[in-house]
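This report concerns only the one structure given below.
Note that ligands are numbered from 1 as they come in the structure, with each ligand's atoms numbered from 1 the same way. The figures that follow rest on heavy atoms only: side chains count, while hydrogens, waters and symmetry mates do not.
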Amino acid sequence: MSILITGGAGYIGSHTCLCLLNKGYDIVVVDNLDNSSKESLVRVTEITGREIPFYEADVCDTEKVIEIIKAHNVDSVIHFAGLKAVGESVRMPLEYYENNLVSTLHLAEAMVKTGVKKLIFSSSATVYSADNEVPLTEGGRLGCTNPYGWTKYMNEQILRDVSVAHSDWSIVLLRYFNPVGAHESGKIGEDPSGIPNNLMPYVSQTAVGRREFLTVFGDDYDTPDGTGVRDYIHVMDLAEGHVAAVEYAQRFTGCDAINLGTGVGYSVLDMVKAFEEANGVKVPYKIGPRRPGDLAMVYSNPEKAERVLGWKARRNLIDMCRDIWTWQKNNPNGFKK
Ligand code: NAD
Ligand code: UD1
């Protein structure tokens, strides 16, 4: 029995592959390498000593996915594959709706045709509408502000409907908060193409000298120091959350949404300070205007994950900052040689 990992060469996927292999699971990866490199999986093999069956293919290709499922005796799927840049999704909505929705539709069709009934889906805290109180619980109101977010929202709805029609399926919708960090070896990590949109890749690229300074997007929010507060979660904790979700899918049927966060919010300036302290480096920054669409405070109530999955985040801010820096220092240009 194998687990099919779509988008497994990407940031969260590669860390999850590592955890699954270390736990003794067999996996097979399908990725079109649109936003990743095969090198991430080569490194996972170096770390774990286990080969990874890999197919460079598009998840929208139903026949190919059916062939892979049959060849590897797949019984569960973790669906990471998708486009994820918020700003790009505003400029290219059709590409986002097409890739992110068609991939899920065709993957689910391949699962129906092959009798695979367990699916873990990468959702996001971005599905919660801005008018919720924090901490965010799974029953919060849903609603989005950009095409990327809507693709997550619509995928959740599609999968809820699939679970009604197929009552023996197990579908887990994992709503990630802000994944950061890297495996402690520094061999794999986040490798954004172009100028990073997210805070921590920008911080580490500034520290390594690839960027001159960080722009802090606003210091006039209603937060303790005026800068935005988020729930940063170490990518290895997140990866372990997926292992717990795979195990949960063995013992329940239906469709369940679960937050994966720490429950603790840190501000932009907290993150800069922690990064400087953990690594003994300077992160020059300037205060700039707010980024349109940003909220003051977003953090999770993580209780459901602990209750249902038996999982909770174990790593702290210093672990996150140290591991990002080990990865960044050892790989200043990411996976590129
Ligand atoms: P990533 O871009 O590093 O990984 C996604 C992978 O999917 C890439 O390797 C890409 O090449 C592949 N892919 C995209 N479309 C594909 C297709 N049609 N067929 C095959 N492969 C395809 O992103 P990530 O940060 O690892 O995110 C993984 C998932 O988690 C995504 O669905 C993302 O939306 C979601 N998510 C990410 C974050 C975050 O902050 N990183 C937060 C919430 C949710
Ligand atoms: C962003 C996306 C969200 C997505 C998430 C994970 C937006 C509006 N939201 O969330 O949909 O799910 O990434 O990929 O894009 N910051 C700076 N300077 C920077 C970068 C960020 O000050 O150069 C601040 C932001 O204002 C925010 C915090 O850092 O307060 C975190 O930003 P980011 O890493 O982009 O994550 P989110 O905004 O939470």
[atom]: nearest protein contact (heavy atom, Å):
atom	answer
atom 12 (C) of ligand 1	Asp31 OD1, 3.4 Å
atom 24 (C) of ligand 2	Val268 CG2, 3.6 Å
atom 15 (N) of ligand 1	Asn99 ND2, 3.1 Å
atom 40 (O) of ligand 1	Pro179 CD, 3.3 Å
atom 19 (N) of ligand 1	Val59 N, 3.0 Å
atom 18 (N) of ligand 2	Thr215 O, 2.8 Å
atom 2 (O) of ligand 1	Asn35 ND2, 2.7 Å
atom 28 (C) of ligand 1	Phe80 O, 3.6 Å
atom 26 (O) of ligand 1	Ile12 N, 2.8 Å
atom 14 (C) of ligand 1	Gly82 N, 3.3 Å

Hey, which atoms in ligand 2 end up nearer than 4.0 Å to a heavy atom of [X]?
X	value
Asn197	20 (C), 35 (O)
Asp294	8 (C), 25 (C), 26 (O), 38 (O)
Ser124	12 (O)

Check: Is Arg230 positioned over the aromatic face of Phe177, cation under 6.0 angstrom from the ring centre and no more than 45 degrees off axis?
Finding: no

Here's one to test your reading of the geometry: is the NZ or CZ of Arg141 within 45 degrees of the ring axis of Tyr128 and under 6.0 Å from its centre? no

Tightest non-hydrogen contact, residues Ala207 and Phe275, listed as CB-CE2, 3.6 Å

Nearest heavy-atom contact between Gly8 and Leu41 is O-CD2, 3.5 Å

Is there a donor in the side chain of [X] and an acceptor in the side chain of [Y], or the other way round, less than 3.5 Å apart?
X	Y	value
Asp231	Thr262	yes
Tyr232	Asp270	no
Arg160	Asn155	no
Asp323	His183	no
Asn259	Ser300	no
Asp168	Thr253	no

The answer for which part of Leu33 has a heavy atom under 4.0 Å from ligand 1 is backbone

Distance check, rounded to the nearest 0.5 Å: [X] atom [atom1] versus [Y] atom [atom2]?
X	Y	atom1	atom2	result
Ile27	Leu20	CD1	CG	6.0 Å
Leu83	Glu95	CG	CD	8.5 Å
Cys17	Arg50	SG	CZ	11.0 Å

Are any of the N or O atoms of Ser36 closer than 3.5 Å to those of ligand 1?
-> yes

Closer than 4.0 angstrom: is that true for some heavy atom of [X] and an atom of ligand 2?
X	value
Leu214	yes
Arg230	yes
Tyr232	yes

Check if [X] has a non-hydrogen atom at a distance under 4.0 Å from any atom of ligand 1.
X	result
Lys152	yes
Ala57	yes
Ser123	yes

Would you please indicate yes or no on a ring centroid separation below 6.0 angstrom for [Y] and [X]?
X	Y	value
Tyr248	His242	no
Phe335	Trp327	yes
His72	Tyr55	yes

inquiry  = Whether Glu156 and Arg175 form a salt bridge (side-chain N of Lys/Arg under 4.0 Å from carboxylate O of Asp/Glu) is what I want to check.
reply    = yes

Which residue from [options] reaches closest to [atom] through any of its heavy atoms?
atom	options	answer
atom 15 (O) of ligand 2	Val86, Val216, Val90	Val86
atom 21 (C) of ligand 2	Leu199, Asp231, Asn178	Leu199
atom 20 (C) of ligand 1	Leu83, Thr6, Asn32, Asn198	Asn32
atom 36 (N) of ligand 1	Phe121, Tyr11, Tyr148, Tyr55	Tyr148
atom 20 (C) of ligand 2	Tyr11, Tyr299, Tyr202, Phe217	Phe217
atom 33 (P) of ligand 2	Asn198, Thr227, Val298, Val229	Asn198
atom 25 (O) of ligand 1	His15, Arg175, Lys84	Lys84
atom 7 (C) of ligand 2	Lys152, Arg291, Met297, Met200	Arg291

* Asked: Do the side chains of Ser123 and Leu174 get nearer than 4.5 Å, heavy atoms only?
  -> no

Run the numbers for me: atoms of ligand 1, each under 4.0 Å from some heavy atom of [X], listed by number.
X	answer
Ser124	43 (C), 44 (C)
Ser122	29 (C), 30 (O), 32 (O), 35 (C)
Asp58	17 (C), 18 (N), 19 (N)
Asp34	11 (O)

